[in-house]
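Because only heavy atoms are used, hydrogens play no part in the values below, and waters and symmetry mates are left out as well, while side chains stay in. Since this is a predicted model, take the numbers as computed values, not measurements.
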Amino acid sequence: MSKILIIEDEAAIRRVLTKILSEENDTYQVEEAEDGAAGFEKIKNNDYDLVLCDIKMPKMDGVEVLEAVKKIKPEIPMVMISGHGDMETAINTMRLGAFDYISKPPDLNRLLNTVRNALDKKQLVVENKILKKKVSKNYEMIGESDAINHIKVMIDKVAQTEARVLITGPNGTGKELVAHQLHERSERANFPLIEVNCAAIPSELIESELFGHVKGAFTSAVKDRAGKFEAADKGTIFLDEIGDMSLSAQAKVLRALQESMITRVGADKDIKVDVRVVAATNKDLKKEIAEGRFREDLYHRLAVILIKVPSLNDRREDIPMLISHFADKIASEQGNAIKKFSKEAIHLLQEYDWTGNIRELRNVVERLIILGGSEISENDVKLFASK
């Protein structure tokens with residue numbers, strides 16, 4: 001059922017709108033309020049999928065209702081009802097966040113189309129929130145060790161700022177989790193997080209991938225193409241394995257950071273971008289600088305905040321929590337019952353040398369769940385978790 005509230009001080013118009021909507025769709029549950037104050041009180045105490053609100057009303061006019069609702073429940077689409085003399089005000093409400101406005105007397109088709117579009121938008125907002133929660137769970141940081149708690153504190157302090165962050169640590173430690181947490185807790189969370197694995201892109205294509213290109217810039221450039229920096233506008237770009245980026249691309253990234261401008265390959269026109277850069281590497285960048293493979297000026301631009309992700313061997317106390325997390329996740333993915341790990345099995349896994357870090361642990365847990373008994377025993381670990 002879609003709950004719709006009509007706020008209108010003229011009883012005749014309220015009745016007409018209620019009748020139209022109720023007859024149009026039997027899944028519309030329509031409620032009424034006789035003035036702005038009564039309507040706002042209903043919105044505070046109930047969840048509505050859509051509000052139709054008159055502009056000129058006693059006690060609290062439609063503009064005041066709109067502004068008040070946007071402060072407490074900004075996700076509710078508001079459609080304003082305007083008289084002939086209210087059109088300028090109605091248009092102004094769009095700037096204040098109204099979904100749309102309809103004029104009196106309402107045109108039937110316009111009214112029903114506006115209602116359907118507004119409800120569709122509300123549904124998309126709800127689905128997007130659910131999806132974000134699922135995505136957020138995929139990038140949850142598991143562990144309560146001092147090292148992990150330190151990273152969580154750093155994320156809490158840094159996420160809301162515009163500071164650039166350089167994340168370091170061995171392969172498989174979860175550097176991408178830190179990047180996702182920084183983005184999801186930032187003011188940019190409603191805009192894209194664009195990930196680029198610099199090690200996976202051939203050096204001759206990295207500039208085109210990051211900054212885009214124009215048609216004819218090189219042999220395979222058959223049309224204009226935007227790059228990752230443009231795709232991340234107003235959001236975050238995550239440059240993973242930045243230590244593998246060519247010096248030529250590094251120079252262009254440095255310019256993008258200094259001037260908030262990029263140029264597509266083969267073009268002479270600058271494009272302004274508003275992007276927060278988070279980078280990660282498993283390399284010792286100071287050593288790379290000393291050997292002439294990484295620009296020192298770029299390093300200092302990127303490393304405003306340094307976050308070091310520890311190896312799994314340095315946070316063995318988190319292994320029981322990680323095993324439980326992976327066991328639950330794998331059971332959910334495969335549609336099977338959750339398998340328990342015996343204390344002896346967990347203790348033995350804590351003693352392993354995890355050169356592949358968390359990524360390796362996850363693979364071992366999955367192997368044990370597939371090949372082990374109904375409860376994973378110490379003997380299962382000895383048989384199936386060996387290197």
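Every pair tested for ring-ring contact (aromatic ring centres under 6.0 Å, His included) that includes a residue from residues 261-308 fails, sequence neighbours excluded, so the list is empty. Within the structure, salt bridge (charged side-chain N to carboxylate O under 4.0 Å, His left out) contacts touching residues 214-224 (residues at least two apart or in different chains) do not occur. Residue pairs meeting the salt bridge (charged side-chain N to carboxylate O under 4.0 Å, His left out) criterion with at least one partner in residues 164-174, sequence neighbours excluded, do not occur; the list is empty. Residues in residues 145-157 take part in these salt bridge (charged side-chain N to carboxylate O under 4.0 Å, His left out) pairs, two or more places apart or across chains: E144-K152, D156-R185.
Aromatic ring orientation, F218 versus H213: perpendicular (interplanar angle above 60°, classes split at 30° and 60°).
Within 6.0 Å of the NZ atom in K3, the count of heavy atoms belonging to other residues, nucleotides or ligands exceeds 12. Within 6.0 Å of the NZ atom in K42, the count of heavy atoms belonging to other residues, nucleotides or ligands exceeds 12.
Between atom OG of residue S208 and atom CG of residue L210 there is a gap of 9.0 Å, rounded to the nearest 0.5 Å. For the atom pair CG (N313) and OG1 (T173), the distance works out to 11.5 Å, reported to the nearest 0.5 Å. With values rounded to the nearest 0.5 angstrom, E360 atom CD is found 8.0 Å from D353 atom CG. Atom CG of D9 sits about 11.0 Å away from atom CD1 of I7, to the nearest 0.5 Å. Separation of atoms OH (Y101) and OG1 (T89) is listed at 11.5 Å; rounding is to 0.5 Å.
In this structure, K56 and D61 have side chains that are not in contact, with every pair of non-hydrogen atoms separated by 4.5 Å or more. You'll find the side chain of E209 reaches within 4.5 Å of the side chain of R225, heavy atoms only.
For the residue pair S145 / D318, a side-chain donor-acceptor distance below 3.5 Å is found, with atom types taken as modelled. For S377 and D380, the side-chain atoms include at least one donor-acceptor pair closer than 3.5 Å. Checking H347 against E351 by side-chain atom types alone, a donor-acceptor pair falls below 3.5 Å. The closest side-chain donor-acceptor pair between T27 and N25 falls under 3.5 angstrom. Side-chain N/O atoms of N113 and R110 include no donor and acceptor closer than 3.5 Å.
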Let's go through V364 and F326 carefully: what are the C-alpha distance in whole Å and the side-chain angles of both, what is the deciding distance for side-chain contact (heavy atoms from CB on, under 4.5 Å) to 0.1 Å, and is it a yes or a no?
CA-CA 10 Å; V364 168; F326 289 139; over 6 Å; no
Hey, mind stepping through K272 and D233 against salt bridge (Lys or Arg N to Asp or Glu O under 4.0 Å) and telling me if it holds?
CA-CA 9 Å; K272 189 165 183 63; D233 191 41; over 6 Å; no
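Side-chain heavy-atom separations under 4.5 angstrom define the hydrophobic clusters, and the remaining members of the one that includes I102 are I4, I6, I13, V16, L17, I20, L21, Y28, V30, L50, L52, V79, I81, F99, L108, L111, L112, V115, L119.
For P105, there are no side-chain contact (heavy atoms from CB on, under 4.5 Å) partners at least two apart in sequence or on another chain.
Here the side chain of E375 pairs no donor or acceptor atom with the backbone of S342 at under 3.5 angstrom.
Of all heavy-atom pairs between Y352 and A385, the closest is CE2-O, 3.2 Å.
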